[in-house]
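A short write-up of the structure that comes next.
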Amino acid sequence: MAKQPTRVLVTGAAGQIGYALVPMIARGAMLGLDQPVIIHMLDIEPAAESLKGVKMELIDAAFPLLKDVVATTDVVEACKGVNVAVMVGGFPRKEGMERKDVMTKNVSIYKAQASALEQHAAPDCKVLVVANPANTNALILKEFAPSFPAKNITCLTRLDHNRALGQVSEKLNVHVGDVKNVTIWGNHSSTQYPDVNHATVKTAAGEKPVRELVANDQWLNTEFITTVQQRGAAIIKARKLSSALSAASSACDHIRDWVLGTPKVKYHPFLLLTLIKMGHLLTTILSVMPRLPFRILLTSIKCMSFLYWAKFLLHVLFRGHGFQWGSILMDLMAFQLV
Ligand SMILES: NC(=O)c1ccc[n+]([C@@H]2O[C@H](COP(=O)([O-])OP(=O)(O)OC[C@H]3O[C@@H](n4cnc5c(N)ncnc54)[C@H](O)[C@@H]3O)[C@@H](O)[C@H]2O)c1
Ligand SMILES: O=C(O)C[C@H](O)C(=O)O
């Protein structure tokens, strides 16, 4: 029997990420090559003409999986029945700004759109916030859509994860698909901590730790980290526009792994929770600690300690499989940084 189409909302669809993202969704890069989709595109009135143009192009591309397109400036119409919502609408930072500098402009958008999502999206709708500051906007959505399942509100840090994979693959001259188990701790900002302590590379002689292959702790502990942390700014400097195709592609990766699952991890299934970083609400909670009631803070810290104790146990159980005691300390230091 033919699959029912999945309705995917893209806000800010007339913008540069939106323009890169909608054809990816229509081609099956987000939900699979056998999943029909209906794309809902939302933008604001000044971008209405441009949004119409994007709709025309989607139709002209004759994507077999694309069953319908809704292009609107009405947030209620845009949110109706959507199963996946990719929230890109908002303003990008300019050169010399930090991501948090667009907070005043963008947070109000998320406050306004939360209740439309809460009231009109499908009850199990999966939400990915892309617009910056992504973690904070996700928290705002959650606060202003209280009946929406909090576990379904995430933000995009998969781009940072992919950037870390890219840096390692360039350094070692290996294919990016052969690099695994990189982790990003913290939120999508310049304080994030890219961690390769469990990362491996598939070689002819089997899986090898990234640290062993790079054999340059100085690079891994300094330049690698700052390159990933500052990659967004470097792209803005080079393009005079913020990242778009990599952001769109990472948004597809994020939703695809969420909806369709990730491949099984050998030896340490627990790390599934941390390897594919989804900027889940936990990190959001940590990133805005001072604003939150003490009880929530305590719960999230307890949660984090649980994660670390579980990880510690895995180190003990599987140290014969390449785990290093030193990396626990590194992780604890990373925890201090988030
Ligand atoms: N999390 C990440 O990894 C990541 C990566 C790249 C960019 N970003 C962020 O994504 C956002 C979008 O980037 P872009 O390059 O596509 O920007 P852009 O300016 O090209 O597009 C943004 C679009 O959002 C629209 N918009 C503004 N207010 C809106 C509203 N209330 N409702 C619906 N649409 C609205 C604008 O009209 C515009 O078409 C920025 O905040 C950027 O910083 C995040
Ligand atoms: O850096 C930015 O402002 C855009 C985006 O968050 C990115 O990381 O590319």
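Whatever order the structure lists them in is the order used to number ligands and atoms, beginning at 1.
- Here E95 has no heavy atoms under 4.0 Å from ligand 2, in either its backbone or its side chain.
- Of the listed options N162, L42, L21, I44, I44 places a heavy atom closest to atom 30 (C) of ligand 1.
- If you number the atoms of ligand 1 from 1 as listed, the ones under 4.0 Å from a heavy atom of L159 come out as 3 (O), 5 (C).
- The residues K94 and D101 are annotated as not salt-bridged, no charged nitrogen and carboxylate oxygen being separated by less than 4.0 angstrom.
- Applying the salt bridge (charged side-chain N to carboxylate O under 4.0 Å, His left out) test to residues at least two apart or on different chains, the pairs with a partner in residues 46-60 are E49-K52.
- Of the protein's non-hydrogen atoms, the one nearest atom 11 (C) of ligand 1 is V88 O, 3.5 Å.
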- Derivation of the salt bridge (charged side-chain N to carboxylate O under 4.0 Å, His left out) call for D257 and R158: CA-CA 11 Å; D257 287 350; R158 179 63 178 265; 2.8 Å; yes

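- Sorted by first and then second residue, the salt bridge (charged side-chain N to carboxylate O under 4.0 Å, His left out) pairs involving residues 21-47 (not counting sequence neighbours) are K3-D34.
- Closest to atom 7 (C) of ligand 1, if we only count protein heavy atoms, is I17 CD1, 3.3 Å.
- Checking L241, N187, D43 against atom 38 (C) of ligand 1, the nearest heavy atom belongs to D43.
- Near I236, meaning under 4.0 Å from any of its heavy atoms, are these atoms of ligand 2: 2 (C), 3 (O).
- For a threshold of 3.5 Å applied to N or O pairs, the pair formed by A247 and ligand 1 contains no separation below that value.
- There is a side-chain donor-acceptor pair under 3.5 Å between S189 and N187.
- The 12-atom threshold is not exceeded at CD of Q4, counting heavy atoms of other residues, nucleotides or ligands nearer than 6.0 Å.
- Below 3.5 Å of separation, one finds an N or O of N132 facing an N or O of ligand 2.
- Remark: ligand 1 and T11 share no N or O pair separated by less than 3.5 Å (distance only, no angle test).
- For ligand 2, the atoms sitting less than 4.0 Å from at least one non-hydrogen atom of S243 are 7 (C), 9 (O), numbered in the order shown with element in parentheses.
- Residue contacts with ligand 1: A14 is included, with a non-hydrogen atom under 4.0 Å away.
- Below 4.0 Å from some heavy atom of H188 lie the following atoms of ligand 1, by number and element: 1 (N), 2 (C), 3 (O), 4 (C).
- The closest approach between any non-hydrogen atom of R163 and ligand 2 is below 4.0 Å.
- Here's the thing with G89: none of its N/O atoms is less than 3.5 angstrom from an N/O atom of ligand 1.
- Exactly one residue among E212, K208, R211, E207 makes a side-chain hydrogen bond (donor to acceptor under 3.5 Å, both in side chains) with T200. That residue is E207.
- Counting the atoms of ligand 2 from 1 in the order shown, those under 4.0 Å from a heavy atom of R93 are 1 (O), 2 (C), 3 (O).
- An N or O contact shorter than 3.5 Å is missing between A47 and ligand 1 by distance.
- For ligand 2, the atoms lying closer than 4.0 Å to a non-hydrogen atom of R99 are 1 (O), 2 (C), 3 (O), 5 (C), 6 (O), 7 (C), 8 (O).
- Close approach of ligand 1 to N106 (heavy-atom distance below 4.0 Å) involves ligand atoms 41 (O).
- Listed by number with element, the atoms of ligand 1 under 4.0 Å from a non-hydrogen atom of I109 are 28 (N), 30 (C), 31 (N).
- For ligand 1, the atoms lying closer than 4.0 Å to a non-hydrogen atom of P92 are 17 (O), 19 (O), 40 (C), 41 (O), 42 (C), 43 (O).
- Of all the heavy atoms of R231, none lies under 4.0 Å from any atom of ligand 2, so neither backbone nor side chain is involved.
- Taking NE2 of H254 as the start and OG1 of T157 as the end, the distance is 7.5 Å to the nearest 0.5 Å.
- A pairwise comparison of heavy atoms in N162 and S250 identifies ND2-OG, 3.1 Å as the closest pair.
- Residue nearest to atom 27 (C) of ligand 1, selected from A138, A134, A131, G90: G90 (by heavy-atom distance).
- In terms of protein heavy-atom proximity, atom 21 (O) of ligand 1 is closest to G15 CA, 3.2 Å.
- Within ligand 2, counting atoms from 1 as listed, the ones closer than 4.0 Å to a heavy atom of H188 are 5 (C), 6 (O), 7 (C), 8 (O).
- Interface atoms of ligand 2 facing S242, defined by a heavy-atom separation under 4.0 Å, are 4 (C).
- Remark: the H188 side chain and the N135 side chain contain no N/O donor-acceptor pair separated by less than 3.5 Å.
- Taking distance alone, with nitrogen or oxygen atoms compared against 3.5 Å, S243 stays at or beyond that limit from ligand 1.
- Looking at I235 against ligand 2, nothing comes within 4.0 Å, counting heavy atoms.
- At least one N or O atom of L156, backbone or side chain, sits closer than 3.5 Å to an N or O atom of ligand 1.
- Closest to atom 33 (C) of ligand 1 by heavy atom, among Q113, K105, M97, M87, is Q113.
- The shortest contact between atom 44 (C) of ligand 1 and any protein heavy atom is with V130 O, 2.9 Å.
- Of the inter-residue distances, the one linking N106 atom CG with I140 atom CD1 reads 11.0 Å to the nearest 0.5 angstrom.
- Across T6, L128, V86, a single residue satisfies side chain to side chain contact (heavy atoms under 4.5 Å, CB included) together with M30, and that is V86.
- Near S242, with a cut-off below 4.0 Å to any heavy atom, the atoms of ligand 1 are 15 (O).
- By the neighbour-count criterion of 12 heavy atoms within 6.0 Å, atom NZ of K180 is densely surrounded, having more than that number from other residues, nucleotides or ligands.
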